[in-house]
Amino acid sequence: MTRQFKRHDRSDIFMHWFNAACWIILLVTGVGLIGNPDLDPVGSWYPRTLRALVGGGANLLNIHLAVGFIWIFAFVGYLAINARGALFFLREIFMVSPARDMGWMIRKMVIMTLGPKVLRKLGMNPDLPAQGFYNMGQKAFAQASVVGGVIIAVTGIIMFLSDKVFTAQGTWIVSWSITLHFVAVGLVFAGLLVHIYMAAISPEERPGFKSMFTGSVPEDYARHHHGLWYDSVKSENASTGDETG
Amino acid sequence: MTKKQLAMVIDSGACIDCKACVISCKVANKVPGAFSRNWIKEQAPDFSGTARPSMHFQPGACMHCDTPTCVAACPTGATYKDLETGIVEIDKGLCIGCGNCIPACPYGARYRNPETCKADKCDYCPERRAAGLPPACVDTCPTKARVFGDINDPMSEAHQLLKSGKNPIVTVVNEVTDTKPNMYYLDKTAPGDWTEPAVVPASMTAMKQLTPLVKGIVGLSGLGVLAMLGRQLLVGDSHEQEENHHD
């Protein structure tokens with residue numbers, strides 16, 4: 001059996017799938033809360049049907065709020081307990097090496113959609129620059145999720161507080177929160193489509209997908225897909241004499 | 001066209017500005033503080049001519065418009081035109097009091113209730129109607145200036161007043177934003193220049209303008225995924241080809 005490289009703790013794996021479940025419910029209920037012919041992302045049949053299903057728009061709003069608060073509280077709790085892991089994550093996703101990472105991003109996008117032959121025809125080297133713990137695609141989606149997630153949570157709380165603490169003079173803040181909430185969700189959702197394809201449907205990242213259940217990836221996958229991380233784990237283990245990986 | 005259209009036909013010439021309608025509405029609907037769901041506008045007397053100066057009073061409230069700008073300003077549909085009754089309703093459970101609808105009414109018929117922190121306005125007294133009574137303002141009017149009913153029902157007094165042809169019918173409309181109001185005045189009414197153009201908050205306008213952009217970005221992302229999926233299915237795994245190149 002090939003040697004395994006650990007990528008995720010059990011708590012990380014749990015939070016990933018917990019987050020995924022919350023986001024799906026929040027997206028499904030949230031889109032149903034938009035009920036204006038100029039906005040309806042999928043058409044007015046959707047809010048109408050969903051509201052009928054749960055017994056009215058007020059119930060739908062309450063479901064959305066309840067799941068939203070469960071998501072926020074669980075996340076805040078997780079971050080408080082696992083501050084070290086959170087800092088590692090933030091450092092990894094926001095440390096972008098422009099030449100290396102942008103080169104990776106552009107070449108990867110061409111390879112995935114048009115194929116490596118096209119890349120060669122364009123006179124570009126189809127070899128991808130080595131990546132760290134996260135590749136640039138993962139970094140980009142993680143950045144969007146972190147920034148978008150904070151905006152979505154904060155604007156969500158503002159909307160929740162609208163009819164509790166806001167006066168008529170302060171409603172412009174609530175109204176802008178609605179706009180921001182909507183746009184941020186749209187942009188994160190655009191990234192989510194690629195994330196789901198790359199992780200769950202594309203065969204290439206299959207070991208990465210499996211690691212979101214098992215916590216670890218095989219050595220050759222780590223070497224090929226996360227070369228810089230692979231090298232750093234190897235040298236760290238060599239210096240501590242730990243060869244288990 | 002709605003099945004029913006509950007509406008008011010008002011003989012503003014009969015109004016004596018007693019404001020009983022305003023008081024009874026405040027009591028019936030627990031309207032707090034200085035707010036009010038209805039009003040009486042007054043035409044200032046003209047002393048310049050030789051004719052005897054006189055005043056004209058115009059009772060009003062939410063006009064339950066056919067093209068309500070308040071509904072267009074609501075992101076959630078918490079305020080909506082009920083097609084069963086023709087009433088512009090507010091779903092108080094869905095409304096979060098974002099305030100978008102309030103400047104969007106040319107008549108100033110909406111206010112943000114400081115107790116519930118939600119939008120509020122005339123809803124033709126649903127509790128009273130359920131009990132077979134007319135709205136409080138109609139019931140209380142001593143000169144019977146307000147006539148309430150379904151203007152699409154030929155048997156109703158409101159319909160008969162509107163369609164008899166005996167009186168010309170006027171509405172108070174805003175020249176910039178004609179919302180097709182369902183509040184009708186017999187003969188003539190005044191004043192007519194007090195309405196304001198509907199104002200949709202910049203945040204709501206931005207949301208509407210950004211919607212095609214957001215949809216476009218999601219669509220592009222979806223197309224990218226489809227391209228990758230198509231390549232995966234047609235050409236096979238690009239990774240395996242690359243693997244040979246690597247090793």
Side-chain angles (χ1 to χ4, degrees), chain A residues 33-41 44 47-48 51 56-62 109 111-117 126-128 159-160 162-168 170-172 174-180 182-183 185-187 189-194 196-198 201-205 224, chain B residues 71-78 80 91-100 102 111-114 116-118 201-211 213-232 235-243 245-247:
Chain A
L33 284 170
I34 305 166
N36 183 308
D38 295 337
L39 302 172
D40 297 334
S44 56
R48 201 170 47 235
R51 289 170 197 199
N59 287 349
L60 190 64
L61 176 60
N62 287 331
M109 279 163 75
I111 291 171
M112 291 299 290
T113 52
L114 303 170
K117 281 186 194 130
D127 279 341
L128 294 167
M159 286 187 266
F160 168 74
S162 172
D163 57 2
K164 288 154 194 81
V165 300
F166 278 86
T167 62
T171 52
W172 64 273
V174 178
S175 186
W176 275 108
S177 293
I178 297 172
T179 306
L180 265 176
F182 172 73
V183 173
V185 170
L187 297 183
F189 178 64
L192 187 64
L193 291 176
V194 179
I196 291 173
Y197 172 79
M198 291 300 289
I201 301 167
S202 163
E204 187 168 347
E205 295 288 335
H224 273 125
Chain B
V71 170
C74 177
T76 64
Y80 59 98
D91 180 346
K92 297 282 168 64
L94 185 57
C95 175
I96 62 165
C98 77
N100 278 3
I102 287 157
Y111 70 101
R112 193 174 186 267
N113 187 314
T116 62
C117 293
K118 292 172 195 291
S203 44
M204 184 61 183
T205 309
M207 192 172 172
K208 287 188 179 186
Q209 285 169 348
L210 286 170
T211 296
L213 185 73
V214 171
K215 280 186 185 173
I217 291 170
V218 171
L220 270 180
S221 170
L223 276 179
V225 166
L226 282 180
M228 292 192 285
L229 185 65
R231 189 178 158 72
Q232 176 188 330
V235 187
D237 185 0
S238 64
H239 178 59
E240 275 157 20
Q241 298 169 10
E242 283 310 284
E243 207 63 353
H245 193 80
H246 274 300
D247 299 330

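Sequence lines set the chain letters: A, B, ... in the order given, protein chains first and strands last, and positions in each chain run from 1.
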Visitor: Would you confirm whether A:N36, through its side chain, and B:C74, through its main-chain N or O, come within 3.5 Å as a donor-acceptor pair?
Guide: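 At least one qualifying donor-acceptor pair exists.
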Visitor: Measure distances from A:L61 to the heavy atoms of chain B and classify the residue's part below 4.5 Å as side chain, backbone, both or neither.
Guide: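 Looking at A:L61, just its side chain touches chain B.
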Visitor: Out of A:S162, A:G186, A:A58, return the one with the most heavy atom pairs under 4.5 angstrom to chain B.
Guide: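 The option with the most such pairs is A:S162.
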Visitor: By salt bridge (charged side-chain N to carboxylate O under 4.0 Å, His left out), which residues pair with A:D40, not counting sequence neighbours?
Guide: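 None.
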Visitor: Let me know if A:F160 has heavy atoms under 4.5 Å from chain B in its side chain, its backbone, both or neither.
Guide: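 For A:F160, there is no contact with chain B at all, as no heavy atom is under 4.5 Å.
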Visitor: Measure A:M109 against the heavy atoms of chain B and call it side chain, backbone, both or neither at under 4.5 Å.
Guide: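 Interface part for A:M109: neither.
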Visitor: Among B:G222, B:C98, B:G99, B:A202, which residue forms the greatest number of heavy-atom pairs with chain A at distances under 4.5 Å?
Guide: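 The residue among B:G222, B:C98, B:G99, B:A202 with the greatest pair count is B:C98.
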Visitor: What part of B:P114 lies closer than 4.5 angstrom to a heavy atom of chain A: side chain, backbone, both or neither?
Guide: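 Neither the backbone nor the side chain of B:P114 comes within 4.5 Å of chain A.
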Visitor: So which of A:N62, A:V185, A:T171, A:V165 has the biggest tally of heavy-atom pairs under 4.5 Å with chain B?
Guide: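 Among A:N62, A:V185, A:T171, A:V165, the one with the most close pairs to chain B is A:T171.
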Visitor: With heavy-atom distances below 4.5 Å as the criterion, would you say the side chains of B:R112 and B:C117 are in contact?
Guide: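 Touching, per the 4.5 Å side-chain cut-off.
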Visitor: Counting heavy-atom pairs under 4.5 Å to chain A, which of B:V225, B:I102, B:N113, B:L210 comes out on top?
Guide: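 That would be B:V225.
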Visitor: Counting only non-hydrogen atoms closer than 4.5 Å, does A:T167 touch chain B with its backbone (N, CA, C, O), its side chain (CB onward), both, or neither?
Guide: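 Backbone only.
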Visitor: What part of A:L60 gets within 4.5 angstrom of chain B, counting heavy atoms only: side chain, backbone, both, or neither?
Guide: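 For A:L60, no heavy atom lies under 4.5 Å from chain B.
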Visitor: Please examine the side chains of B:M228 and A:S202, heavy atoms only from C-beta on, and report whether any two atoms are closer than 4.5 Å.
Guide: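 Side-chain contact under 4.5 Å: no.
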Visitor: Report the C-alpha separation of B:I217 and A:L187 in whole Å, then their side-chain angles, then the decisive distance to 0.1 Å, and conclude whether the side-chain contact (heavy atoms from CB on, under 4.5 Å) test is met.
Guide: CA-CA 7 Å; B:I217 291 170; A:L187 297 183; 3.7 Å; yes
Visitor: Do any N or O atoms from the side chain of B:S221 and from the backbone of A:A190 form a donor-acceptor pair under 3.5 angstrom?
Guide: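 The answer is yes, because a donor-acceptor pair under 3.5 Å joins these two groups.
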Visitor: Could you state the interatomic distance from CG (B:L229) to OG1 (A:T113), rounded to the nearest 0.5 Å?
Guide: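 It is 13.0 Å, given to the nearest 0.5 Å.
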Visitor: Counting only heavy atoms closer than 4.5 Å, note whether B:K215 contacts chain A via side chain, backbone, both or neither.
Guide: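 The answer is the side chain of B:K215.
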Visitor: Side chain from CB out, backbone as N, CA, C, O: work out which of these in B:L226 comes under 4.5 Å of a heavy atom of chain A, or both, or neither.
Guide: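 Neither the backbone nor the side chain of B:L226 comes within 4.5 Å of chain A.
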Visitor: Listed by chain and number, what are the side chain to side chain contact (heavy atoms under 4.5 Å, CB included) partners of B:S203, not counting sequence neighbours?
Guide: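 Expected list: A:S175, A:W176, A:T179, B:N100, B:P201.
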Visitor: At a 4.5 Å cut-off on heavy atoms, which part of B:A72 comes close to chain A: side chain, backbone, both, or neither?
Guide: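 Backbone of B:A72 only, per the 4.5 Å heavy-atom cut-off to chain A.
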Visitor: Side chain of B:K208, backbone of A:D38: donor and acceptor closer than 3.5 Å?
Guide: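 No.
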Visitor: If you count heavy-atom pairs within less than 4.5 Å of chain A, which of B:I96, B:V71, B:T116, B:D91 leads?
Guide: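 Looking at each option in turn, the highest pair count goes to B:I96.
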Visitor: Heavy atoms, side chains only, cut-off 4.5 Å: are A:E204 and B:Q232 in contact?
Guide: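 Answer no - side chains too far apart.
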Visitor: So what's closer than 4.5 Å to chain A heavy atoms on B:V214: side chain, backbone, both or neither?
Guide: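 Side chain only.
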Visitor: Under a 4.5 Å cutoff for heavy-atom pairs, which residue among A:L193, A:L180, A:I196, A:V174 has the most contacts with chain B?
Guide: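 Ranked by heavy-atom pairs under 4.5 Å with chain B, first place is A:L193.
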